Asker: 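Here it is, the structure in full.
Values in this document were obtained by computation on a predicted structure and should not be read as measured data.
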Amino acid sequence: MSALPTFSSQQPDWDAVRRDLAGLNIIDSRGQRKQLSRDFYWYSPILSAQLDSCIAELVVKVSTEDDVRQVAATAAKHKLPLTVRGGGTGNYGQCVPLEGGLVMDVTAMCRVLDLAEGRIRVQAGARMHDIDLAARETGQALRMWPSTWHVATIGGFIAGGFGGIGSFRHGILRDTGNLLHARVMTVEREPRIIELHGDEIQQVQHAFGTNGVILDVEVALSPAVDWVHCTVLFPQYRQALDFGIAAASPALDLFLFTTVEKRFSPYYTAMGDRFPADRHAAFAMVSPESMDAFRELAAQFGGTISVAGTEEELLAQGLPPAYECAFNHTTLQALKLDRSWTYLQIAYAQPFDPAVVERHLAIFGGDVLQHQDFARAGDAAGTFGILLVRWKGEAHQYEVIREIESQGGCQVFNPHVFTIEDGGMKTIDDAQIQFKKRSDPMGLMNPGKTRGWTPDMARET
């Protein structure tokens with residue numbers, strides 16, 4: 001478990017700070033500062049205990065690149081911790097200011113800057129759903145997005161995300177070809193702009209906003225598809241998992257594939273008899289051209305399709321789209337009704353062996369509910385679990401983690417810690433730390449979120 005950082009600086013002269021931020025939208029009220037110093041870390045009781053008291057001394061809402069430059073220069077001049085936030089839908093405290101200081105809200109920087117065949121360039125505060133709407137006006141669509149895409153901003157998705165809806169078809173964010181270009185502003189007394197292309201963007205991707213302010217990004221687009229959102233029901237959970245493995249066939253064009261066991265049914269209240277309590281479920285987004293093959297394959301594994309329709313058709317029936325039944329939306333559905341749950345994230349060894357999940361079902365009983373997301377990472381299949389875990393205290397949570405990691409090649413991406421390395425990366429990304437030396441030489445950005453940065457690395461600029 002991560003300890004809170006010991007970032008230190010001289011007590012700033014806040015009147016002088018305000019003077020240097022003159023002309024910007026400064027938020028002083030404690031209620032708003034508290035709200036804008038949070039994300040969805042409350043999914044974790046451990047993080048709630050650690051982070052609930054963290055709050056910025058000031059929040060600054062920026063709307064232009066010049067605004068960002070003014071904030072960055074002010075942070076450097078006064079040696080203030082600086083945390084950048086967008087929609088704040090992350091789950092790991094990425095945009096929580098552990099040492100107070102400044103929070104910079106970039107959600108007003110939301111313009112589409114360029115849109116062409118196969119690509120779109122947008123400001124970092126643009127919401128993912130709005131970006132997709134703009135792309136669809138040209139017959140194109142985003143390759144992937146988080147299940148919270150109505151609120152999530154693209155800068156935050158790149159800085160804190162891994163993959164999401166669309167990863168079944170297009171892999172994870174850092175796979176070559178998904179991220180095309182980014183502009184990043186440094187945090188120095190005289191801020192500079194660094195341009196990153198292609199795989200260079202991995203220097204700031206999933207870096208939790210610790211090494212530069214993302215100003216705008218260019219991401220790849222694909223031709224738009226009016227996906228058919230499907231729910232498939234199975235008597236046995238093993239059948240749903242085997243179907244997920246088979247669905248990776250090149251013969252099928254899918255955007256999403258997720259399975260949840262039957263004990264999730266009570267939390268999917270909008271589904272009604274489309275997801276009954278005696279059946280396990282698979283949720284998928286299927287191209288219209290693949291529906292016949294999808295139906296045939298589902299039947300081969302004992303599945304019955306209870307829902308099949310476009311997003312518009314499902315919404316007209318009061319049914320959720322498939323992406324709201326996948327990834328961490330499953331956890332959210334449960335927490336809406338029962339706050340005694342938390343969760344764990346797992347990567348399974350490949351080729352995926354469903355017997356590992358069956359073993360966990362037998363071992364954990366009612367303490368852990370199974371949910372698997374199928375995707376691609378690089379050129380290989382990937383299978384991930386977002387398990388619902390009954391909260392019985394920190395010791396029990398880590399007992400579950402140790403048991404999962406003890407067999408089957410499972411790797412837990414621990415969502416109960418706030419550092420990059422302790423959660424998912426496991427090791428320090430040296431390339432990101434080297435980039436931080438260029439982009440944040442004083443070590444002011446989001447201090448405490450990476451163990452790779454040590455105080456002795458800081459230098460004056």
Asker: Mind checking whether Y43 and N328 have side chains closer than 4.5 Å, heavy atoms only?
Answerer: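 When only atoms from C-beta onward are counted, N328 and Y43 do touch, with a gap below 4.5 Å.
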Asker: For a 4.5 angstrom cut-off between non-hydrogen side-chain atoms, does Q370 reach Y237?
Answerer: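 Yes. Closest side-chain heavy atoms under 4.5 Å.
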Asker: In this structure, are over 12 heavy atoms from other groups packed under 6.0 Å from E195 atom CD?
Answerer: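 Buried by this count: over 12 neighbours within 6.0 Å.
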Asker: Can you confirm if the aromatic rings of H396 and Y398 lie within a centre distance of less than 6.0 Å?
Answerer: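 Ring centroids of Y398 and H396 are no less than 6.0 Å from each other.
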Asker: Apply the test side chain to side chain donor-acceptor pair (under 3.5 Å) to residues T176 and D199: give CA-CA distance (whole Å), side-chain angles for both, the deciding distance (0.1 Å), then the verdict.
Answerer: CA-CA 6 Å; T176 298; D199 290 345; 3.2 Å; yes
Asker: Any luck finding a side-chain donor-acceptor pair between Q236 and R279 under 3.5 Å?
Answerer: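 No pair is found: no donor N or O on one side chain lies under 3.5 Å from an acceptor on the other.
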Asker: Just checking, any donor-acceptor pair under 3.5 angstrom between side chains of S290 and D253?
Answerer: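 The criterion, which ignores hydrogens and geometry beyond distance, is not satisfied for D253 and S290.
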Asker: So among V103, V59, L36, which one has a side chain to side chain contact (heavy atoms under 4.5 Å, CB included) with T83?
Answerer: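 Checked V103, V59, L36 against T83; only one passes side chain to side chain contact (heavy atoms under 4.5 Å, CB included): V103.
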Asker: Over all heavy atoms of both residues, which pair between V217 and A182 is shortest? Give the atoms and the distance, please.
Answerer: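 Taking V217 first and A182 second, the nearest heavy atoms are CG1-CB, 4.0 Å.
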Asker: Check for a donor-acceptor pair, side chain of D39 on one end and backbone N or O of T89 on the other, with a separation under 3.5 Å.
Answerer: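 Not confirmed, D39 side chain does not pair with T89 backbone.
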Asker: Which class fits the ring pair H416 and Y343: parallel under 30°, tilted 30 to 60°, perpendicular over 60°?
Answerer: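 Tilted: the ring planes of H416 and Y343 meet at 30° to 60°.
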Asker: Can you see whether Q407 engages H360 through a side-chain donor-acceptor pair at a distance of less than 3.5 angstrom?
Answerer: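 Short answer, yes.
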Asker: Does K262 come within less than 4.0 Å of D278, counting only side-chain N to carboxylate O?
Answerer: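 No, no charged N to carboxylate O under 4.0 Å.
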Asker: Going through the checks in order, is the side chain to side chain donor-acceptor pair (under 3.5 Å) test met by E421 and T450?
Answerer: CA-CA 7 Å; E421 298 86 1; T450 174; 2.6 Å; yes
Asker: In terms of relative ring orientation, are F264 and Y268 parallel, tilted or perpendicular, with 30° and 60° separating the classes?
Answerer: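 The rings of F264 and Y268 stand perpendicular, inter-plane angle above 60°.
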Asker: For the pair E312 and T310, evaluate side chain to side chain donor-acceptor pair (under 3.5 Å) and give the outcome as yes or no after the intermediate values.
Answerer: CA-CA 5 Å; E312 183 178 358; T310 64; 5.3 Å; no
Asker: Test ring-ring contact (aromatic ring centres under 6.0 Å, His included) on F243 and F294; report intermediate values, then the result.
Answerer: CA-CA 10 Å; F243 180 40; F294 183 81; 5.3 Å; yes
Asker: Show the numbers, then the answer: is there a side-chain contact (heavy atoms from CB on, under 4.5 Å) between T304 and V232?
Answerer: CA-CA 5 Å; T304 302; V232 189; 5.9 Å; no
Asker: Would you say that more than 12 heavy atoms from the other residues, nucleotides or ligands in this model lie under 6.0 Å from the CZ of R111, or not?
Answerer: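 Not buried by this count: 12 neighbours or fewer within 6.0 Å.
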Asker: Please assess T258 against D373 for the test side chain to side chain donor-acceptor pair (under 3.5 Å), listing each intermediate value before the final yes or no.
Answerer: CA-CA 5 Å; T258 292; D373 292 302; 2.6 Å; yes
Asker: Can you name the one residue among R119, H181, R121 that meets side-chain hydrogen bond (donor to acceptor under 3.5 Å, both in side chains) with E218?
Answerer: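 Exactly one pass, corresponding to R119.
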Asker: Heavy atoms, side chains only, cut-off 4.5 Å: are V213 and M445 in contact?
Answerer: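 Yes - at least one pair of side-chain heavy atoms lies under 4.5 Å apart.
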Asker: Give me the ring orientation class for F283 and F275: parallel if the planes are under 30° apart, tilted from 30 to 60°, perpendicular past 60°.
Answerer: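 Aromatic pair F283/F275 classed perpendicular.
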Asker: Measure the shortest side-chain to side-chain distance between T330 and L388 over non-hydrogen atoms and say whether it is less than 4.5 angstrom.
Answerer: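 Side-chain contact under 4.5 Å: no.
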Asker: Flag yes if more than 12 heavy atoms outside Q35 fall under 6.0 Å of its CD atom; otherwise flag no.
Answerer: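 Atom CD in Q35 is not crowded, with 12 or fewer foreign heavy atoms closer than 6.0 Å.
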Asker: Sort out for me which residue in F168, W145, F255, F257 forms a ring pair (Phe, Tyr, Trp, His ring centres under 6.0 Å) with Y323.
Answerer: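 Of F168, W145, F255, F257, ring pair (Phe, Tyr, Trp, His ring centres under 6.0 Å) with Y323 is met by W145 alone.
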Asker: Strictly below 4.0 Å, N to O, side chains only: are R359 and E403 in salt-bridge contact?
Answerer: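 Yes, R359 and E403 are salt-bridged.
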Asker: I'd like to know whether the aromatic ring centres of F162 and F384 sit less than 6.0 Å apart in this structure.
Answerer: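 Here the rings of F384 and F162 have centres that are less than 6.0 Å from each other.
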Asker: Taking the side chain as C-beta and beyond, is there a heavy-atom pair between R390 and S340 under 4.5 Å?
Answerer: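 Yes, side chains in contact.
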Asker: Is Q432 close to V204 at the side-chain level, that is, under 4.5 Å between some pair of heavy atoms?
Answerer: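 Not in contact.
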Asker: Cation-pi check, R127 to W149: give yes when NZ or CZ is under 6.0 Å from the six-membered ring centre and within 45° of the ring axis, no otherwise.
Answerer: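 Negative - R127 is either too far from the ring of W149 or too far off its axis.
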Asker: Side chains of V400 and D367: does their closest heavy-atom pair fall under 4.5 Å?
Answerer: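 Counting from C-beta outward, V400 and D367 never come under 4.5 Å.
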Asker: With a 4.5 Å limit on heavy-atom distance, are the side chains of T331 and W341 in contact?
Answerer: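 No, their side chains stay 4.5 Å or more apart.
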